[in-house]
Each structure stands twice: as structure tokens, then as C-alpha cells.
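Treat the numbers as computed from the prediction; the structure is a model and nothing was measured. Just so it is clear, the values below take in all heavy atoms, side chains as well, and ignore hydrogens, waters and symmetry mates. Both counts, for ligands and for their atoms, begin at 1 and track the order of listing.
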Amino acid sequence: MDHKKRFASFVKSIKPLDQIAIIHDSDADGICSTVIVAKALEKLGHKVERFIQSSYGNFNYDRLKALRDEGTNKLILVDFAADQFPELKRELDLFEATLIIDHHKIYKNINSKKIIFIKAEYLRPKLIGSDYCATKMAFDLFSNVVDISELDWMAAIGMITDITDAKWKKFLNQVYKKHRTSREELLQAGIIIDTGKQVNPPQVERALEMVFEARTYKDILKSSFSKLAKELRNEIEFWVNKFEENAENKKDLWLYEIDPSASIISVVSTLLALKYPKYSIVVVRRYKGKVAISARNHLGKRAMNTLLEKAVKSMKGANAGGHIPAAGGTIREKDYAEFQKRLWKMA
Ligand SMILES: [Mn+2]
């Protein structure tokens, strides 16, 4: 059976007593895709009971078993590369059925009787994951079973903020026209949603709620989160402007350590990649004994996911992954020297 058909039969098989949980990435793409899934299911008469942010720590047998024991029998994972986990089969076996909608690199095809595993390339063989974000995938998949056309602006926010909009000009132009808006304005809304994961402590649940309640993108622009976003913007600009002065490089590879008050390395690296498209830029931040890493190469000439995967390979408690132009990871602070050594070797 093809992926669209398996998706449709997953949706059709949901029964009134089923309890559904969504595990999602905490950025704008993860949040917008989650809201699209939940709203589409709501229209079909189903309620999503639990929303859980994906993290490497959250995705393990004990936590998933606890979720199952609380009653969750159907699991939906969005914008999260579950196929990266070696123990995955045992973990997902806890649930009656699992639906995975994701556009990260394909590590392993984990389709099975109980797992409906949908990657960007499976739906659109001519595209790659970095052209087709989870929000648009969810929008397209659910549009086949229920009319959610009023959520097109939300799909656009996910696409623009995840920088996966290049191949979708026609769709996006229709959205801009219909809602009398622009790429800039929807990007602004996406940046506000992203504030939820950046502030200290994070407020991802509130960001999710805000998007859930928004009737249009304007509600997001007017939300209380927009003030938080403004404050962060000054700090983000500060670190972007310090790049040339403080970053180190070997050939096209740049390493930039920053010490911000919030988790803004991924925005800083994205903005730097747009400013210096030819560079491969790795931005790092030490935090609580760990080092968070965000890597970008806007032109995709060097695969950032592979670069980080190699640089953290077999380090204890480390993880890395993502897309060709944009990847991320975490290591222990004590492994940072080794990480740098490996990075410069690959320059
Ligand atoms: Mn994404």
C-alpha cells in the first residue's frame, strides 16, 4: 500500500475511545505541524490528549511506557527523526499504531504493520527533506481526508520559518494573496512562535497554545509572545554582528561560540548562513555542562547533518542530526575539545 493510503487508513481506524498523543519538535515547523494535525483530527471528531515536546531525553522506553500506561494507545510523531534511534522498534511496539510525519534525513525505513513512517521523499520523490517541511507534509496529507484549506497560512509559516519554501512559490503566492500578507510578515509570525523554545525557561506549551488559538497569523503577531520576541531580537542581532570579530575558521568552515541568555543558537546560525551563504557555520553554546551545536550551510554544499554526526560519533550522551543545510546536536562540555579537533580535520 502506498503512503497516502496507509495514512488514510490510520486516520480512518481511529476509534472514539482511542487516546492520541503527539510528540513534536519545538520549533515553528514542529508547532505548526502539530496544530494542523490536531485541528484536522478535531474536525474528524477526534481529540488529541497529550502534546509532548520531542527531545533525545524524552524519547526512551521508560517514558514512552509511562505514556502508554496512562492510556495513550496511538502515537503521532511530527518533525522528529525517530528512525535515528536504534531501540525504536521496541519503544514503538508499546502502541497500537504510530504515525510518523517527518522530513529529516532518512536513517532507516521503519515502516511496519504498526508503524506508518512517512518521510518527505516518500510523498514527493522529486523533492528532498530540506524542500518539504513537516507542516506542509501534514497539511497535504490531511487535505486528502478533510478540508483544512483555512489553515493554509499556518502551513506557510512552517515552510518559511524552516527555510523549505523555495519549491513552493505557487502555493505561497496564493496564500499571500488570499490573506493579504507577505513572506516577511509570516516569517515574523514564525519567529514569534520560535521564541517559545528560545526563552529561559522555555515556553513551548504556551507557544503551541497560542498557535492553536490563533484564527489568523495576525493573532500571532499581536500575541504576548511578540514582546518576548522583540527582546530576543536585540540579543540575536548582537551575536550576529559579533561574528566576524569572534568566529574562528579554516577554509569555508567557521566555528562561533556565543554566550547568550537564551537558546538562540539556531536563529543566530540561520541568520549568519543567510548573510554568508558560502560558509559552513557552526554556532555553539555552553550550557549546564553541555554544549549545544547548530550548523548551517545555506547553499547546502557541505552536508551539515553528516558533518555533525561524524564530529560527535561515539561520544557519550551526544546526539546530532538534521538536514543537509541545517543540523544540530548536543555534546558534553568535556568532549568539546575533541569535537573541535574533529571539526577542523574535516575542513
Ligand atoms: Mn522541521
Side-chain angles (χ1 to χ4, degrees), residues 22-38 51-56 58-59 76-85 99-107 117-124 127-142 151 153-168 171-172 183 186-187 189-198 202 204 207-208 211 263-267 269-271 273-274 292-298 300 303-305 308-309 319-330:
I22 300 183
I23 300 183
H24 63 89
D25 191 22
S26 42
D27 67 1
D29 184 34
I31 289 182
C32 290
S33 53
T34 299
V35 174
I36 284 178
V37 171
F51 296 93
I52 301 156
Q53 294 156 48
S54 61
S55 72
Y56 288 83
N58 254 346
F59 198 81
I76 301 176
L77 305 173
V78 283
D79 200 19
F80 179 58
D83 49 321
Q84 237 187 327
F85 292 80
L99 167 68
I100 302 169
I101 301 174
D102 182 46
H103 70 127
H104 290 85
K105 181 171 138 181
I106 302 172
Y107 290 88
F117 176 65
I118 307 178
K119 288 277 190 177
E121 291 86 344
Y122 299 170
L123 288 183
R124 296 276 189 133
L127 295 182
I128 54 167
S130 36
D131 290 326
Y132 195 14
C133 69
T135 308
K136 183 68 161 76
M137 287 177 70
F139 182 77
D140 289 347
L141 282 164
F142 276 100
L151 299 175
W153 59 271
M154 202 181 283
I157 291 177
M159 295 160 79
I160 295 165
T161 319
D162 231 23
I163 321 184
T164 55
D165 53 326
K167 301 275 161 77
W168 301 96
F171 172 82
L172 289 167
R183 185 180 194 277
L186 294 181
L187 177 63
I191 290 171
I192 291 170
I193 300 168
D194 268 339
T195 310
K197 68 174 248 193
Q198 291 159 358
V204 176
L208 184 79
V211 178
S263 313
I264 54 174
I265 55 166
S266 53
V267 205
S269 66
T270 298
L271 291 174
L274 293 171
I293 308 157
S294 177
R296 299 284 185 272
N297 177 312
H298 191 53
M304 294 295 98
N305 44 13
L308 293 190
E309 282 161 19
N319 64 69
H323 312 284
I324 291 169
T330 319

>> With rounding to 10 degrees, what does the angle Asp79:OD1 / the Mn ion (ligand 1) / Asp29:OD2 come to?
In response: 90°

>> As an exercise, state the distance from CD1 of Ile23 to CD1 of Ile52, rounded to the nearest 0.5 Å.
In response: 5.0 Å

> Just wondering, is there an N, O or S atom on Asp27 that's nearer than 2.8 Å to the Mn ion (ligand 1)?
Replying inline: no

> Can you tell me if His103 has an N, O or S atom under 2.8 Å away from the Mn ion (ligand 1)?
Replying inline: yes

>> Taking side-chain contact (heavy atoms from CB on, under 4.5 Å) as the definition, give me every residue that meets it alongside Ser263, ordered by chain and number, with sequence neighbours left out.
In response: Arg285

> Roughly how far, to the nearest 0.5 Å, is the CD1 atom of Ile160 from the CG atom of Leu187?
Replying inline: 7.0 Å

> Is it true that some N/O/S atom of Asp102, main chain or side chain, lies under 2.8 Å from the Mn ion (ligand 1)?
Replying inline: no

> Testing Asp25, Val78, Asp29 for side-chain contact (heavy atoms from CB on, under 4.5 Å) with Thr34, which one passes?
Replying inline: Val78

>> Quick check on the Mn ion (ligand 1): does Asp162 put an N/O/S atom closer than 2.8 Å to it?
In response: yes

> Going by the angle between their ring planes, with limits at 30° and 60°, are His103 and His323 parallel, tilted or perpendicular?
Replying inline: tilted

